[in-house]
Amino acid sequence: MTRVSSRLQGLDFQQAVVYFGFLAIFLFFAVTLYDDGFLTQRNLTNIVLQTAPATIMAVGLVFALSAGEIDLSFGSIVAVSALSCAVALQSFPMPVGVLVGLGVGVAIGAFNGVLVAYLKLPSFLVTLATMGLFAGIARSMTNLRSVPVMNDTFTGLFGSGKLFTVPSLVIWTCLGVGIGHLIYRHTRFGAHVLATGDNPRAAQVSGIKVARVRLYVLMICGGCAGLAGLLYAGRLQAAKYTLGESDLMTVIAAVIVGGTALNGGKGSVVGALLGSLLMGMLNNGLILMNLKVSDQMIVRGLIILIAVAVSLRDTSR
Amino acid sequence: MSDHDVLSLTNIHKAFGGVVAIEDFSLNLKAGEVVALVGDNGAGKSTLIKIISGVYSPTSGDILLDGQKTDFRDASAARANGVEVVYQDLALADQQPVYMNMFLGRELTKGPLKLLDKARMRQETQELVDELDVRIPSASSTISDLSGGQRQGIAIARATHWASKLVLLDEPTAALGVAETARVEALIEQLKAKDLAILIISHSLDQVFRLSDRICVLRRGKQIGVRDTKSTDKNEIVSMITGVA
Ligand SMILES: Nc1ncnc2c1ncn2[C@@H]1O[C@H](COP(=O)(O)OP(=O)(O)OP(=O)(O)O)[C@@H](O)[C@H]1O
Ligand SMILES: [Mg+2]
């Protein structure tokens with residue numbers, strides 16, 4: 001009983017918004033786009049498949065934001081990781097390609113992290129700079145060319161494959177969210193991330209290694225972006241510098257709508273999943289409505305604005 | 001009150017760059033003894049507490065804890081040695097529940113995966129706040145939903161829970177009303193009864209005279225003197241603080 005009531009208390013307005021928003025948009029599209037096939041199993045599955053990389057990035061971002069940091073560079077990391085992996089796969093077996101892709105992501109995250117945690121530079125500026133830096137590196141790596149990925153094991157594992165009829169991208173989404181949630185909510189590290197974002201001084205005098213937490217959250221962000229890069233490369237069977245380029249706004253919006261505070265100390269991995277699915281649904285619905293691309297962008301921007309405004313509204317004021 | 005020194009400070013000196021914050025401070029503290037540290041704003045009181053708790057290291061001088069020379073590299077080293085601090089600017093994480101604050105940095109875990117044992121932390125926190133009569137809605141309440149007095153109660157309860165030797169309190173009742181102040185003072189009496197050594201900073205001389213066994217006066221980083229509370233009065237302390245006879 002006390003458990004239930006404390007659960008209910010924990011589910012505050014900002015966290016609940018994503019559930020209602022999700023349902024509302026889902027129902028809206030289900031009714032208005034019924035004839036266009038929104039509700040078909042194929043379309044719904046498609047939404048989940050398409051959002052898989054963004055969801056994984058969102059999980060990483062929850063950690064960074066909760067620790068009071070931000071990562072703007074994850075989109076560029078996606079491209080660099082995917083390209084590195086694709087290049088490696090041309091001459092090496094699948095596991096090497098995977099390790100290269102993930103390793104590059106974690107390494108760039110560590111680069112961000114060291115600058116933030118130990119040189120005490122603001123993560124906003126550091127990752128703003130590295131976003132541009134690695135976007136440039138992604139372009140120059142293969143001279144703007146896309147690199148095909150022909151390794152069937154790889155494209156099966158990270159793209160079109162299935163395990164007992166469950167698409168691999170769905171499995172990656174579940175794994176990413178499940179493990180992320182477990183670490184975030186149920187480990188000491190997760191508690192230290194929250195405390196660091198909430199009150200770094202209190203965390204420090206309580207013996208929490210605040211700098212190390214900051215380094216680790218940015219490495220997690222980089223690693224998640226690396227995995228997202230692999231998922232893109234697997235699904236599209238190719239890597240290109242444009243991968244991840246347009247995900248910045250969507251992922252940040254997904255995370256904020258999902259109940260994670262921009263200034264740290266509070267967040268939800270499951271909320272980020274719902275936020276990401278919500279963004280995916282929005283994309284999908286606007287396309288099914290046959291809107292022009294420019295109109296899609298305008299409507300999406302407005303809806304994100306409303307969603308973020310509603311979820312950030314402080315009910316105690 | 002036993003007669004061995006829990007804390008002994010000798011010739012502590014602390015400078016921030018060219019600014020001397022503490023010069024030549026010496027003090028011994030016994031178990032079950034309450035010493036009040038008084039002085040005007042900027043006298044160096046908080047700095048002294050931060051030196052003892054390992055936040056700053058002294059420029060020179062010795063700190064002995066239970067007769068052992070110590071040189072805490074950071075606040076967690078002091079905590080590991082039974083020294084707890086209630087900071088002037090409360091060191092609580094506002095958006096986290098009470099029980100997570102109670103166990104901040106020392107979270108309990110269970111099982112091979114070392115997952116947080118939230119149920120046990122919640123339960124132990126509830127027992128503790130019940131025992132100390134800190135009245136909060138529940139151990140799962142979020143700190144930001146509590147009143148200033150309740151927060152201070154949590155900070156002191158945390159210190160009580162973890163301290164085995166020494167508790168340092170920096171203006172624990174500065175922001176509190178009459179009833180809340182009385183509660184916190186009762187908590188401090190309980191700490192004393194548990195035979196902990198207590199160093200408390202306060203600007204309220206009434207409180208200092210209610211709680212302390214001895215009073216130590218600082219003025220602009222200088223130690224002006226130490227008096228037995230029973231054998232001094234407010235006038236003497238005030239003139240020591242201000243330097244006006
Ligand atoms: N980190 C620091 N760097 C430089 N100077 C400092 C630092 N901390 C404290 N000081 C200086 O040391 C002196 C003592 O400050 P302290 O905070 O110990 O005063 P206090 O007695 O606690 O005052 P209050 O009653 O206002 O809390 C002040 O002059 C302050 O400016
Ligand atoms: Mg002070």
Side-chain angles (χ1 to χ4, degrees), chain A residues 1-15 65-68 178-213 259-268 312 314-317, chain B residues 49-50 53-55 72-80 83-111 113-119 121-123 126 137-145 151 154-155 158-159 162 168:
Chain A
M1 177 58 214
T2 53
R3 212 186 158 87
V4 172
S5 67
S6 72
R7 277 276 158 86
L8 284 179
Q9 278 170 15
L11 203 136
D12 62 25
F13 178 75
Q14 285 174 12
Q15 313 246 329
L65 288 182
S66 299
I179 294 174
H181 176 80
L182 193 73
I183 295 175
Y184 188 73
R185 278 266 173 270
H186 296 285
T187 65
R188 295 189 70 201
F189 175 73
H192 294 178
V193 166
L194 285 164
T196 299
D198 195 338
N199 185 344
R201 261 216 37 201
Q204 180 103 51
V205 296
S206 303
I208 294 170
K209 305 265 185 291
V210 172
R212 200 183 298 170
V213 168
T260 297
L262 253 181
N263 45 8
K266 191 176 156 191
S268 163
L312 285 186
D314 189 346
T315 43
S316 61
R317 258 187 283 197
Chain B
I49 279 197
K50 287 176 181 164
S53 63
V55 174
F72 298 135
R73 282 194 347 276
D74 54 33
S76 55
R79 289 180 68 172
V83 178
E84 284 291 321
V85 193
V86 177
Y87 289 96
Q88 185 168 12
D89 37 3
L90 293 170
L92 296 176
D94 274 354
Q95 298 175 78
Q96 313 309 318
V98 170
Y99 69 89
M100 285 308 280
N101 271 280
M102 199 62 81
F103 288 89
L104 203 62
R106 300 189 262 224
E107 298 82 3
L108 304 178
T109 56
K110 61 177 177 198
L113 286 177
K114 298 218 168 192
L115 299 182
L116 292 177
D117 193 346
K118 295 188 181 182
M121 289 194 276
R122 217 179 277 131
Q123 188 199 336
Q126 194 64 53
S138 102
S140 305
S141 306
T142 305
I143 297 291
S144 59
D145 294 340
R151 288 180 208 199
I154 301 299
R158 178 169 69 181
W162 296 105
L168 310 166

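Below, each value reflects all heavy atoms present in this structure, side chains not excepted, and no hydrogens, waters or symmetry copies. In the text below, chain A, chain B and the rest are named by the order of the sequence lines, each starting its count at 1. Given the structure is predicted, the values throughout are model-derived calculations rather than measurements.
Ser206(A) places none of its side-chain heavy atoms less than 4.5 Å from the side chain of Arg106(B). Looking at Asn199(A) and Leu92(B), their side chains never come closer than 4.5 Å, going by heavy atoms from C-beta outward.
By the side chain to side chain donor-acceptor pair (under 3.5 Å) test, Gln95(B) pairs with no residue at all, sequence neighbours left out.
If you measure heavy-atom distances from Arg188(A) to chain B, the contacts under 4.5 Å come from both the backbone and the side chain. Of the two parts of Leu194(A), the backbone and the side chain both hold a non-hydrogen atom closer than 4.5 Å to a non-hydrogen atom of chain B.
Checking side-chain atoms of Arg201(A) against main-chain N and O of Ala91(B) turns up no donor-acceptor pair under 3.5 Å. At distances below 3.5 Å, not a single donor-acceptor pair connects side-chain atoms of Glu107(B) with backbone N or O atoms of Thr187(A).
Closest approach of Leu104(B) to Ala202(A), counting heavy atoms only: CD2-O, 4.0 Å. The two residues Gly265(A) and Gln96(B) come nearest to each other via the heavy atoms O-NE2, 2.7 Å. Between Val55(B) and Val205(A), the shortest heavy-atom distance links the atoms CG2-CG1, 4.4 Å. Here the closest heavy-atom approach between residue His192(A) and residue Gly105(B) is recorded as NE2-CA, 4.0 Å.
How far CG of Asp198(A) is from CD1 of Ile143(B): 9.0 Å, rounded to the nearest 0.5 Å.
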